[in-house]
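This one's a predicted model, so the numbers in the text were calculated from it and none came from an experiment. Chain naming here is simple, since letters A, B, ... match the order of the sequence lines and numbering starts at 1 in each.
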Amino acid sequence: MGDVVLAIETSCDETAAAVVKGRAILSNVVASQADLHSVYGGVVPEVAARHHLTTVNAVIDRALDEAGVTLETIDRIAVTRRPGLIGALLVGVATAKAVAYALGKDLVMVDHLHGHVAACWLEPVALDPPFVALTASGGHTRLDLVGDYAAPVVLGQTLDDAAGEAIDKGARLLGIPYPGGPGLEALAREGDRTAFDFPVGLRSRGPGGLDFSYAGVKTALLYATRDLGDDGVRAHRADLAASYQEAIVRPLVDRLMRAAEIAGVPAVSIGGGVAANGRLRDLIRVAAEGRGLRVAIPDRSLCTDNAAMIAAAAHFTNAIPWPDFVGEDAIATAPPGGIAA
Amino acid sequence: MTTFALDTATPDPALALVAGDEVLAEAWLGRAPGSGRRVLQAAHHLLAMAALRPADLSEVVVGVGPGGFTGIRIGIATALGLGQALRIPVHGASTLEALAQGMVGATRPGEALLVPIIDARRRQVFAAAYAAGADGSLTEVISPSAWDPTDLSAALAAAGPCVLAGDGADLVPVPAQGHRATAAADRIMASNLIARVRRGGALPVAPQYLRLPDAEENRLRREGHGAPA
Ligand SMILES: [Zn+2]
């Protein structure tokens, strides 16, 4: 089996394709729709699906061009099957199936969350197990124990909002345009993170106690802005942002460290769009150093949604031989047990 | 010259395999929600029955709607994926025109307008009206759009004799000078997509949504643009 993979990812609002050879990224192309959705204040599924369709073939062409390969030299095609916006996923899945079918190649159907975890396998990070992976984005907040890249085990996850979702909602309350992450972080840098005492989003479910909950902190911010009134919010905007951001990232750091301790692993990794947050990165670096843990933080382009990570996960997922995949379908939800490898 | 045609705009997706002028196979996936998701599987069976491989295809023709948004996208994504990988041309064709092409025998040329109608959900239909020529050509009289069924009925009553067909035809009150085509004409024949392209009716390979996303409609309304046409 050769190891040049063309991967396609269309689960949310990024149309992405990548060519990966072994652990080396030959190309990693992402056409972001963020600007398109900003006028709606969030991702609109129908708008996302429409845009994926007009973009996906050109994105694939560019990924092949930049990698200096042709479709004929690709060994396998990989695509995100789940979880995500179903209309968006279906564009990628239909495209990938047709391309693989036409070429007589095998198809690998990848779990998006597996992709976020497997991003660390790629060079130059090239992290080897065991480690605990934190994935935090607008759609997911999860801790996985990676003893083997083929079979990550879910240790904890959000019981309500995802961390990135909480950031976006909080940013909106503070009048920061979508996507709110970068704006909130910039504003938070000017503020006092101890000014407001927001509840930290920890929730214990079962003895492990490694889950997250962000509904409470979001509500607390809503009440705080109501109590302050428009003028008060204007006067304390930076302090609100700093305190709110702290209440979002603290539990991510605490849970990650606790999980690493319980699992007895020598390393941790972070991925997902929230991994781009500077405060989160700083806190994790400091906490990990104090515990003698290695921290793997892939480049930003590998943290946010991309197709190289899907190619990486494909390396650890069974390929469906040609033409058995023709009846395969996209699935909106994550499997109950975590990752479907 | 082997052409593969597919249309997944309606809940009864259609496929065809045509070699030159000969229709090798015509198939349907069956009326079921989301059946368009199985279109590649059906295509594989069709090719296998014809003892062909994907690489034997020389052209793809795809129905671009109007119809179900997700279905249209699956059809177009499949067609473009095949075209991209096989380096063969992909043409679009109107789903309504393909329906109308199948109705040509339902009336004598010039006698009545052909009105293909597709269920658009939310108590609306996608429809257009065509005059059929003696040579089987179609001339657009009412361009494709989303209609309130009673409005469409009134517009047709004003236009004169007409024949209605398609999966949305039963939602539209039949006007006085109109009649319902036989149920056989309700099914889209994918080979008629190819017929449309051969007759110069090729369209860009882009969905004919004929309706904005809800969020976009709401946004325009909020910003005071009024309800878009
Ligand atoms: Zn993601």
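- The residues A/D160 and A/K218 are annotated as not salt-bridged, no charged nitrogen and carboxylate oxygen being separated by less than 4.0 angstrom.
- Of the two parts of A/V91, the backbone and the side chain both hold a non-hydrogen atom closer than 4.5 Å to a non-hydrogen atom of chain B.
- Salt bridge B/R31/B/D186: absent, no basic N to carboxylate O contact under 4.0 Å.
- Ring geometry for A/Y101 against A/W322 counts as parallel: the plane angle stays under 30°, on a 0 to 90° scale with 60° as the upper cut.
- Note: A/L90 leads A/L90, A/T54, A/V44 in heavy-atom pairs under 4.5 Å with chain B.
- Heavy atoms closer than 4.5 Å to chain B are found in the side chain of A/D329, but not in its backbone.
- A/K21 NZ: 12 or fewer foreign heavy atoms inside a 6.0 Å radius.
- Atoms CG and CZ, from B/L171 and B/R123 in turn, are 11.0 Å apart once rounded to the nearest 0.5 Å.
- Interface remark: B/L47 contributes side-chain atoms only to the contact with chain A (heavy atom separation under 4.5 Å).
- For A/E46 and B/R73, the salt-bridge test passes: some basic side-chain N is under 4.0 Å from an acidic carboxylate O.
- Chain A forms more heavy-atom pairs under 4.5 Å with one residue of B/T70, B/D214, B/I74 than with any other, namely B/I74.
- Between chain A and the options B/Q84, B/R53, B/R38, B/Q41, the largest number of non-hydrogen pairs under 4.5 Å is found for B/Q84.
- Looking at A/V39, both its backbone and its side chain come within 4.5 Å of chain B, counting heavy atoms on both sides.
- Between chain B and the residues A/K97, A/E328, A/H52, A/R50, the largest count of heavy-atom pairs under 4.5 Å involves A/R50.
- For A/A330, the part lying under 4.5 angstrom from a heavy atom of chain B is the backbone only.
- Under a 4.0 Å N-O distance rule, the pair B/R198/B/E59 qualifies as a salt bridge.
- By number of non-hydrogen pairs under 4.5 angstrom with chain A, the leading residue of B/A77, B/A55, B/A79 is B/A77.
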